[in-house]
> 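First the structure, which I've put down as structure tokens, then a few questions once you've had a look.
Numbered from 1 within each chain, the chains take letters A, B, ... in sequence-line order. For clarity, every value in this text was computed on a predicted model and none was experimentally measured.
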Amino acid sequence: MRRGFPLSSSAVQHLTSPVSTASPPLATLLKSCKTLRCLEQVHVLIIRKGLVQDNYLISRLVSLCNSPSILPYVTSVFNRVSYPNACLWNSLLKGYCGHSTLSDSLSVLSAMRVSGAAPDEYTFPPLIKCCSDELAIRIGVGIHGLSIKFGVESDVFVGSSLIDLYGKCKLPEHAQTVFDEMSVRNVVSWTALVVAFVNSGDLGNARRVFDIMPKRNRVSWNAMISGYAKLGELSSARKLFDEMPLKNVISYTVMIDGYAKSGDMVSARYLFEQCPDKDTVTWSALISGYVQNGLPEEAVKFFLEMERCSAKADEFIMVSVMSACAELGRLDLAKWIDSYMSRSSFDLCRVHVAAALVHMNVKCGNMERASYLFNNMTKRDLVSYCSMIQGLNIHGQGVGAVKLFYNMISEGITPDVVAFTVILTACSRSALVEEGCRLFDMMRNQYSITALPDHYACMVDLLGRFGHIEAAHDLLKSMPVEPHAGAWGALLGACWLHCHTEVAEVVANRLFELEPLNAGNFVLLSNVYAAASRWFDVTVLRNQMVDRGLRKIPGRSWIYFEAAKVDGSTKMELIYIHVGRVHVEGRLGNSWFLEAGLGHIGNI
DNA sequence: GTAGGGTTAG
């Protein structure tokens, strides 16, 4: 009779499996199998020797399943076994838990129970781990119940998995109950309990358990240190780190990551230098730390150094580096990274990788490449849409930005606060007053998003810039929370543009309170007075500035252009410009640092 | 001549 999973079978396993006559080389051969091809070859030998029903050998073969792609093959081998025993079922189940969905794994469990093979203490840990990874607490509780039914809940492996499950699901009291009811505990059970408390933010209990543990290993130490580091208690983390007897690369990485997240890149860098065996995650912690702390130059520097050390970059690092590159607007670097990603075996179809690529190209001014990447994305998410919308916005294509925004909605993606900030900015920059007002209403009414000060600032900018000074002022006054300086500043700028002295005075006085040291506000108001020929007020204001020791700092901006020899002449492509007369101040790499003064950009 | 398992860092 042929039995097979997932076909259910009512066969009762009362027959013993055929006795194995396997010669040792087969089992040894299986041990050294790494690829599907190798597996198939050994399987051929198993078939030739007539051992396809051998539970032991097939179990060894099934447990070699180390990737989702091998799972169908392994399942077909399993399905040829007429009477799989619990051990073989467990091997298959482990393969499914590790490389398939939770629901498929549960189907395997059902098939196992239907077949009459009794689940044992080896059956549950992989299943519980699967629930724990997916935070599937309800299913997890069901599995816990089953483990009690089969009398294995107090097994040290089952128990530790359950502690981990409840810990990950932020139910430390349940974890503690399981722990208390275990008859045998080991260092893993204790460590899982520490992690359970750490996950729910209860560092006090985590430390209490850590201190009374009968034995600690590196994992226990690292778990406690990472708990402190994750919750921002860097000094406690560091103290424990210094006390730790045998640190490994994870101990260093946890600390580096903690310092980076708390903004202390000096300490992060110091420990990074101290760390003897840096791995990809260590480099990633430092590089992403620099990006998150607004130091993209450092991020790129360390990425290039990592390349020199021939350490292997992964997706996480590439996303950080792309973000740094976007921040810097370095088109040369963007092109290099772009081709590096294509050359190396990175999966450009993964949403966050593709989104970072689009964002980088947008920010570096390569809209052609950004559009190509965006249009070829298999799946577009909110972030990639926003990058693209912002790209169109930066390049003055407000109408295109609005069109894309509506495309996004029709694709079923729900815009969030950030998406509305992006689109409202686009409307403001491209003079789309009516569209902007419509979207502002849509955000509040249709999507029930409470407008943030940034949204109000966009609207004030939009209304103000096109002369609706009173409406903009009314909007600011109607805000439920205090507008930030940016919003008032936008309105002051609009007052200057439209020579609205009356509102300008009110707004400027508010700004002088909010930002007493910002010379720009004084300059703007004085320009308003000058436009109205109120020279006396201009003088008063200038004197006030002198009294306060304020001096207007000239605006500065980064400018990047690419020089390429085309037909013997030099073609220069302007990527990003700010209005102002341009003085070349100096050169840093391929970027020119410029000072923007009054006037307009002429020919460069 | 029998196997198979759990915890830490982006």
Side-chain angles (χ1 to χ4, degrees), chain A residues 17 19-24 27 30-31 54-65 84-95 97-98 119-130 132-133 152 155-165 167-168 175 178-179 182 184-196 198-199 206 210 213 216-227 229-230 237 244 247-258 260-261 275 278-289 291-292 313-320 352:
Chain A
S17 303
V19 176
S20 167
T21 50
S23 49
L30 267 174
K31 261 185 216 161
D54 189 306
N55 267 294
Y56 170 62
L57 272 181
I58 302 302
S59 171
R60 292 293 289 268
L61 190 148
V62 167
S63 61
L64 287 171
C65 173
N85 63 12
C87 187
L88 178 50
W89 275 108
N90 289 341
S91 302
L92 184 75
L93 189 59
K94 189 161 175 262
C97 289
D120 60 15
E121 67 271 32
Y122 288 89
T123 312
F124 296 98
L127 273 171
I128 298 167
K129 167 108 171 64
C130 212
S132 153
D133 287 344
V152 294
D155 174 77
V156 66
F157 287 87
V158 176
S160 300
S161 309
L162 285 169
I163 294 170
D164 173 58
L165 167 75
K168 290 247 168 71
V178 172
F179 179 86
M182 285 167 74
V184 180
R185 304 175 190 114
N186 61 14
V187 63
V188 178
S189 343
W190 282 91
T191 305
L193 190 61
V194 170
V195 174
V198 162
N199 281 338
F210 179 80
M213 284 173 76
R216 295 181 199 111
N217 61 16
R218 273 186 203 163
V219 180
S220 336
W221 281 89
N222 287 341
M224 193 64 233
I225 293 171
S226 110
K230 251 191 274 187
M244 183 172 173
K247 301 180 238 302
N248 64 3
V249 60
I250 297 180
S251 330
Y252 281 91
T253 306
V254 167
M255 285 304 305
I256 293 167
D257 195 50
K261 294 234 160 67
C275 179
K278 307 167 189 39
D279 66 8
T280 305
V281 188
T282 322
W283 284 95
S284 176
L286 189 79
I287 292 172
S288 68
V291 174
Q292 280 152 26
D314 64 3
E315 262 177 40
F316 291 97
I317 293 181
M318 292 321 294
V319 169
S320 292
H352 64 285

> Output the single nucleotide from B:dT7, B:dA9, B:dG1 whose closest atom is nearest the side chain of A:Tyr56.
B:dG1
> Contact class for A:Ser59 (heavy atom, under 4.0 Å): base, sugar-phosphate, or nothing?
base
> Can A:Ser320 and A:Ile317 be said to form a side-chain contact (heavy atoms from CB on, under 4.5 Å), step by step?
CA-CA 5 Å; A:Ser320 292; A:Ile317 293 181; 5.7 Å; no
> Separation of A:Ile225 atom CD1 from B:dT7 atom C1', in whole Å?
15 Å
> Kindly point out which of B:dT8, B:dG5, B:dA3 is positioned nearest to the side chain of A:Asn222?
B:dT8
> In terms of side-chain heavy atoms of A:Asp279, which of B:dG10, B:dA9, B:dG6 is nearest?
B:dA9
> Indicate whether the side chain of A:Ser251 and that of A:Asn222 have a donor and an acceptor atom separated by less than 3.5 Å.
yes
> For A:Asp120 and B:dG6, give me the distance from atom CG to atom P, rounded to whole Å.
14 Å
> Which heavy atom of A:Thr282 sits nearest a heavy atom of A:Cys275, and at what distance?
CG2-SG, 4.3 Å
> Need one value for A:Ser220: base, sugar-phosphate or nothing, where a base atom within 4.0 Å counts as base even if backbone is also close, heavy atoms only.
nothing
> Report yes or no: do A:Ser161 and A:Asp164 form a side-chain donor-acceptor pair below 3.5 Å?
no
> Rounding to an integer number of Å, can you tell me how far A:Asn186 CG sits from B:dG5 P?
15 Å
> Over how many whole Å does the gap from A:Asn85 atom CG to B:dA3 atom C1' extend?
9 Å
> Considering every strand and a 4.0 Å limit on heavy-atom distances, what is the contact class for A:Lys168: base, sugar-phosphate, or nothing?
sugar-phosphate
> If you check every side-chain atom of A:Val254, which of B:dG10, B:dG5, B:dA9 has the closest atom?
B:dA9
> Could you say whether the aromatic ring of A:Phe157 and the base of B:dG6 stack, counting only centre distances under 5.5 Å and plane angles under 30°?
no
> What nucleotide, of B:dG10, B:dA9, B:dT8, holds the atom closest to the side chain of A:Asp164?
B:dT8
> Apply the test side-chain hydrogen bond (donor to acceptor under 3.5 Å, both in side chains) to residues A:Ser91 and A:Ser63: give CA-CA distance (whole Å), side-chain angles for both, the deciding distance (0.1 Å), then the verdict.
CA-CA 5 Å; A:Ser91 302; A:Ser63 61; 4.8 Å; no
> Side chain of A:Asp257, heavy atoms from C-beta onward: which of B:dG5, B:dG10, B:dT7 has the nearest atom to it?
B:dG10
> Within this structure, what is the CD1-to-P distance between A:Ile58 and B:dA3, rounded to whole angstrom?
17 Å
> Looking at A:Ser160 and B:dG6, is any side-chain donor or acceptor paired with a base atom of the opposite kind under 3.5 Å?
yes
> According to the interplanar angle, ranging from 0 to 90°, do the rings of A:Phe179 and A:Trp190 count as parallel (below 30°), tilted (30 to 60°) or perpendicular (above 60°)?
perpendicular
> Nearest to the side chain of A:Phe316, heavy atoms from C-beta on, is which of B:dG6, B:dT8, B:dG10?
B:dG10
> Starting the side chain at C-beta, find the nucleotide from B:dT8, B:dG5, B:dA3 nearest to A:Val158.
B:dG5
> Output the rounded distance in Å from CZ (A:Arg216) to C1' (B:dT7).
16 Å
> Consider the side chain of A:Thr253, meaning its heavy atoms from C-beta on, and name the nucleotide among B:dG10, B:dA9, B:dA3 that approaches it most closely.
B:dA9
> In whole angstrom, what separates A:Ile250's CD1 from B:dT7's C1'?
11 Å
> Nearest heavy-atom pair of A:Val195 and A:Ala223: which atoms, and what distance?
CG2-CB, 3.7 Å
> Which part of the nucleic acid, if any, lies within contact of A:Ser284, taking any heavy atom under 4.0 Å across all strands shown: a base, the sugar-phosphate backbone alone, or nothing?
base
> From the set B:dA9, B:dG6, B:dT7, return the single nucleotide nearest to any side-chain atom of A:Thr191.
B:dT7
> Let me know the distance between CH2 of A:Trp190 and P of B:dT8, rounded to the nearest Å.
18 Å
> Check the phosphate of B:dT8 against A:Lys230, side-chain N and O only, distance under 4.0 Å to OP1 or OP2. Yes or no?
no
> Check every strand shown and say whether A:Val281 touches a base, only sugar-phosphate, or nothing at a heavy-atom separation below 4.0 Å.
base
> If you look at every strand shown and take non-hydrogen atoms under 4.0 Å, does A:Ser189 touch a base, only sugar-phosphate, or nothing?
base
